[in-house]
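Atoms within each ligand, like the ligands themselves, are counted from 1 in listed order. Please read all numbers here as calculations on a predicted model, not as lab measurements.
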Amino acid sequence: MKNKLKGMRRRLTKYGDEEFALFLRKSFIKGLGYSDTTLDKPIVGIINTYSDYNSCHGNIEELVEFTKAGVLASGALPLAFPTISLHESFAYPSSMYLRNLMSMDTEEMMRSLPMDACVLVGGCDKTVPAQIMGALSADLPFIQLVSGPMSTGSFKGQRVGACTDCRSIWSQFRSGELEESDIVEASNALVSTVGTCGVMGTASTMALMTEALGLMVPGGACAPAVSAQRRRIAEETGVIAVKMALKEHNPRQWLTKSSFENALRVMLAVGGSTNAIVHLSAMAGRMGISLDLDMLEKFGRDTPVIVDLKPSGQGYMEDFDRAGGLIRVLTEIKSLLDLSAMTVTGETLGEVIKRTELTWPQTVVRKIDDPIFSSGGIAVLRGNLAPDGAIIKQSAASANLLVHQGRVVVFNGLEDLEKRIDTDDLDVKSDDILVLRNIGPKGAPGMPEAGLIPIPKKLARLGVKDMVRISDGRMSGTAAGTIILHVAPEAAIGGPLSLVETGDEIRLDVPARELILLVDEAELTRRKSKILPAKISPKRGYGKLFQDHVMQAPDGVDFDFLVYVENEIDK
Ligand code: FES
């Protein structure tokens with residue numbers, strides 16, 4: 001058995017003398033005051049991603065302490081250690097650019113340090129997928145703990161909780177409805193506590209999908225960051241981690257394609273973030289499981305959105321928590337799930353649902369026959385503009401734009417966008433379609449969340465709130481609008497988006513799942529022959545690694561050398 005319980009004996013540093021390596025290891029850690037009795041216990045590693053740059057992880061140090069209490073009470077030794085911490089607003093050029101680095105850090109530290117199980121403590125958007133990707137590749141028992149959502153604040157009497165509200169307040173400022181002083185006031189209110197964004201953004205979606213995957217304490221996704229319940233969840237996580245260590249209950253052994261399909265169903269039912277698709281594909285890829293866009297489209301057709309949270313609906317995560325959290329959703333959609341999927345507790349998902357079913361009245365999670373949005377929140381589009389697919393969060397789009405044909409205004413990249421979008425002489429009308437290219441995985445690089453192209457100021461001032469916007473980038477899960485994302489292949493590697501010119505026409509037909517560039521094939525071939533390859537050539541470091549190995553959106557934007565390779569794990 002490759003993952004036998006070994007505690008301190010696991011992964012001894014290579015000196016050519018194992019007993020000497022153990023002697024040295026114990027001698028050093030005894031410098032912290034540990035005894036031989038304690039050092040003979042099974043070890044639960046706890047990844048601490050606290051950072052002064054990361055308010056989403058502002059409670060993580062206390063969660064680590066509560067997790068340790070659970071581990072100690074269960075007779076094992078908790079040892080916390082740091083890895084990279086990523087916050088959306090503090091990662092240049094984007095947190096996505098660094099997600100794979102964090103997953104490598106997680107994997108290699110889990111492989112390197114002696115531990116029989118690991119608690120992953122994260123929360124902000126990219127941290128949870130990065131940790132799970134790394135942990136799956138490290139092939140050890142692990143369990144995820146999240147920091148939990150922030151509580152809401154109040155701005156001019158209006159309830160706010162980053163970041164759907166961040167974006168709508170900023171749009172109001174751009175259109176002249178709010179003053180500079182209002183923006184300062186808003187920035188004091190938008191993030192009123194530590195914790196992750198309080199709406200159904202990427203962090204909330206990833207937490208819910210992780211619980212649906214069975215990788216978290218049942219009920220562990222929604223409790224607010226500052227609640228006593230969040231601390232109890234941390235303690236219970238420590239308790240379960242010890243059981244997982246003792247039983248070698250390794251998710252890599254029991255996660256199946258059905259587990260990932262369940263998570264996909266949950267993502268659709270909660271009106272989850274488009275980013276979650278990319279992360280779920282990358283996580284599945286670490287198991288050798290393929291989740292393609294056709295599956296998303298198929299599930300999307302019969303999975304309704306039933307959670308009334310921003311940006312698709314109205315509420316906040318604290319409302320969802322009071323309504324009972326994920327278990328409500330699982331109960332409602334159980335006919336769509338594989339209930340035999342395993343969880344960290346050793347129970348199946350069906351057994352968890354059965355023992356935790358909730359019956360009191362609430363309004364946040366709708367009945368499956370009374371949904372917010374009757375078919376899936378996210379639709380997959382195809383056509384000559386996106387041969388490998390593109391997606392739209394139709395539940396957060398304007399209904400009147402879901403079928404739309406318009407003239408295109410092209411921006412060649414983020415610099416071009418910044419230079420021209422707010423100029424008075426920009427030739428743009430409210431029914432035009434905005435195209436932003438070269439913000440894909442390689443193009444930006446790192447596929448930044450710039451797909452929510454701002455409404456040009458001259459139109460915003462006239463009251464235009466939404467337009468069809470198309471890019472090869474991503475957008476924040478907290479954002480709303482008629483936004484087409486993840487166009488693949490991306491422009492920077494010669495995808496059709498690179499051939500679009502201002503003045504062309506594009507037809508969007510979401511019900512027909514079509515995205516068509518209305519330019520004939522001969523003209524596209526002519527344009528193709530004139531396109532110069534994009535200049536993407538870092539010579540060294542992580543930038544070079546990224547450019548040489550990053551894959552496209554449908555493959556999860558993972559590095560090609562990190563995906564599952566049979567018999568390679570644990571070497
Ligand atoms: Fe961290 Fe939104 S910025 S969860």
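In this model, no donor atom of one side chain and acceptor atom of the other lie less than 3.5 Å apart for Ser94 and Arg474. Counting only N and O atoms by type, the side chains of Thr106 and Gln131 include no donor and acceptor under 3.5 Å apart. Side-chain atoms of Gln172 and Asp182 form no donor-acceptor pair, as typed in the model, at a separation below 3.5 Å. Counted by atom type alone, Ser85 and Ser51 present zero donor-acceptor pairs between their side chains at under 3.5 Å.
Ligand-side atoms of ligand 1 in range of Thr196: 4 (S), range being under 4.0 angstrom from any heavy atom. Interface of Ala203 with ligand 1, defined as ligand atoms under 4.0 Å from a residue heavy atom, comprises 4 (S). Atoms of ligand 1 found under 4.0 Å from any heavy atom of Asp125 (numbered from 1 in listed order, with element): 2 (Fe), 4 (S). Counting atoms of ligand 1 from 1 in the listed order, those under 4.0 Å from a heavy atom of Glu88 are 3 (S).
Distances from atom 1 (Fe) of ligand 1 show that Cys56 has an N/O/S atom below 2.8 Å. Here Cys197 fails the criterion, with no N, O or S atom under 2.8 Å of atom 1 (Fe) of ligand 1.
Side-chain contact between Thr196 and Asp125 is absent, with no heavy atoms from C-beta onward closer than 4.5 Å.
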